Amino acid sequence: MFGPDKCGATNKVHFIFKHKNPKSGEYVEHHLKNPPSVPSDKLSHVYTAILKPDNELQILIDGEQKKKVNFLSADDFEPPLIPPKTIPDPDDKKPEDWDEREKIPDSSAVKPDDWDENAPLEIVDEEAEKPEGWLDNEPEEIDDPEATKPEDWDDEEDGEWEAPKIENPKCEAAPGCGEWKRPMKRNPAYKGKWHAPLIENPAYKGIWKPQDIPNPDYFEIKKPDFEPIAAIGIEIWTMQDGILFDNILIAKDDKIAESYRETTWKPKFTVEKEKQKEEDSEAGSSGLAGFQKKVFDLLYKIADIPFLSAYKLKIYDVIEKGQEQPNLTVGIVVAVVVVIVSVFLRLIFGGKKKPTRVEKTNVEPAETATSQGSGENEENKEKEESSAPARRRPTRRDN
């Protein structure tokens, strides 16, 4: 599969191929890593994939090379064309006495006599004093004096009408209103639930993993065994109009492809580009809008830098939001620059960290359910707020 794919956060020129494993006889699908992005304009473009005899793959957009990889390189395709020499033994089992706990509770530790597990987290601040000017007899909210009973209000059907509440203006200048209560403060005697301290586990053996065995599907080849091309399949999935394609060419000589590109695509592209310049000029967008377009085009190229590959989709998402709201151009540039600087500093000063050992922790299901429920409630709350009417209706008293 070869061609552009731009949908939502996806923005890349695919190159995918299936290769038959000579050992297992199975076909494995291999995807190009870090593919180039699709141009962000609405002009016609030509995509070229050149497969060289020396196992090199070149991807060109409008005749300009955007990617060069090697079919046999494990760094260029996922999964790599040549399988690993060894694999974890699927039949290897972890011994029952294997202890992966790096630290364990100290069995000899004893809870101190003065440790009170029932002490509350917060207590009333007895030293607090009511601020001067506190309005004890003033409520925090009062009836809106400007509110009037609607003409179509029916007391029998709607109940007794009540004016909507507003914040008491007297409370704005005062320290507070209503009944004053002493605030809470952190309890200095609070220690929480006592747990025995952790110590090094003398039986610790490390994180278990199965032993490696020779990979039965491993093979070596000097070049991919591509089967002859017998047909062309076209996959189109789009939610926008104005997308056209033509002139699909398969040739044995890249010079022939270059000739077709110059005689069929180049003239059309030149006309489209000139027409776009005229439209931009007529719309008066040759100034700020033209500058913004150049900025976004540059940001798309920056997102293709290899060391930013982990952040590529996030940068695309930020750029697309900026294109929808051109007034955010400066903010978008700043955001991308911050990402680049952060990654750069991490590469320079972060260094390589030693892999940490994973400790098994118990997660209480109730806490997980509460967290998920909270997320759902927040989502429902946002939906309710977005669907609520803009006009505040007077409250009705129930009979």
Side-chain angles (χ1 to χ4, degrees), residues 114-194 314 317-318 320-335 338-339 342 363-399:
D114 61 347
W115 192 291
D116 185 2
E117 294 184 337
N118 298 321
L121 175 63
E122 291 183 332
I123 58 175
V124 177
D125 186 358
E126 299 294 345
E127 298 178 357
E129 296 182 358
K130 181 169 65 175
E132 294 183 5
W134 189 279
L135 305 178
D136 296 88
N137 299 322
E138 288 290 341
E140 295 181 0
E141 291 186 338
I142 61 173
D143 293 342
D144 186 356
E146 298 181 1
T148 57
K149 181 179 178 180
E151 296 180 358
D152 60 347
W153 189 278
D154 189 335
D155 290 338
E156 294 184 358
E157 181 179 344
D158 301 328
E160 183 181 350
W161 179 81
E162 289 183 350
K165 299 290 185 180
I166 62 172
E167 294 183 1
N168 190 344
K170 295 181 180 180
C171 298
E172 295 181 0
C177 294
E179 181 185 359
W180 180 81
K181 295 181 180 180
R182 284 189 170 86
M184 303 294 287
K185 69 175 184 179
R186 184 174 179 84
N187 183 5
Y190 173 78
K191 294 184 178 180
K193 188 73 175 177
W194 183 83
K314 292 183 179 179
D317 186 52
V318 172
E320 289 176 357
K321 289 181 180 178
Q323 289 177 316
E324 295 173 0
Q325 304 181 52
N327 58 317
L328 301 179
T329 302
V330 176
I332 298 299
V333 173
V334 173
V338 169
V339 171
S342 301
V363 179
E364 296 182 5
E367 294 180 358
T368 304
T370 302
S371 174
Q372 294 175 349
S374 175
E376 294 175 356
N377 290 337
E378 288 294 328
E379 182 180 357
N380 294 335
K381 182 178 179 181
E382 291 177 2
K383 292 181 179 179
E384 291 173 0
E385 290 177 352
S386 63
S387 61
R391 184 171 67 91
R392 184 178 182 181
R393 292 185 57 85
T395 57
R396 303 172 186 262
R397 183 187 297 275
D398 296 333
N399 292 329

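In this chain, residues are counted from 1 in sequence order. From a predicted model like this one, the values you see are computed outputs, not experimental measurements.
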- Side-chain heavy-atom pair M184, D125 within 4.5 angstrom cut-off: no
- Given side chains that start at C-beta, do those of E122 and N187 come closer than 4.5 Å, heavy atoms only? no
- Message: Can a side-chain donor-acceptor contact be found between E140 and N168 if the only test is distance below 3.5 angstrom?
- Response: no
Looking only at non-hydrogen atoms, find the nearest pair between [X] and [Y] and report the distance.
X    : Y    : answer
C171 : P139 : SG-O, 3.5 Å
E132 : P175 : O-CG, 3.1 Å
W134 : C177 : CZ2-O, 3.6 Å
E117 : W194 : OE2-N, 3.0 Å
A128 : W180 : O-CH2, 3.8 Å

- Message: More than 12 heavy atoms of other residues, nucleotides or ligands under 6.0 Å from CG of D114: yes or no?
- Response: yes
- Should we count CD of E141 as having more than 12 external heavy atoms under 6.0 Å? yes
- Okay, side chain of W161, backbone of D154: is any donor-acceptor separation there less than 3.5 Å? no
- Query: Testing K181, K130, K170 for salt bridge (charged side-chain N to carboxylate O under 4.0 Å, His left out) with D136, which one passes?
  - Reply: K130
- Item | D155 with K149: basic N within carboxylate O range, under 4.0 Å | yes
- Task: Could you name each residue pair satisfying disulfide (SG to SG under 2.5 Å) that touches residues 120-168, not counting sequence neighbours?
- Result: none
- Query: Looking at residues at least two apart in the chain, or sitting in another chain, which of them share a side-chain hydrogen bond (donor to acceptor under 3.5 Å, both in side chains) with D143?
  - Reply: K165
Inter-residue atom distance [X].[atom1] - [Y].[atom2], 0.5 Å rounding:
X    : Y    : atom1 : atom2 : result
Y190 : I123 : OH    : CD1   : 13.5 Å
E162 : D144 : CD    : CG    : 13.5 Å
N137 : E179 : CG    : CD    : 11.0 Å

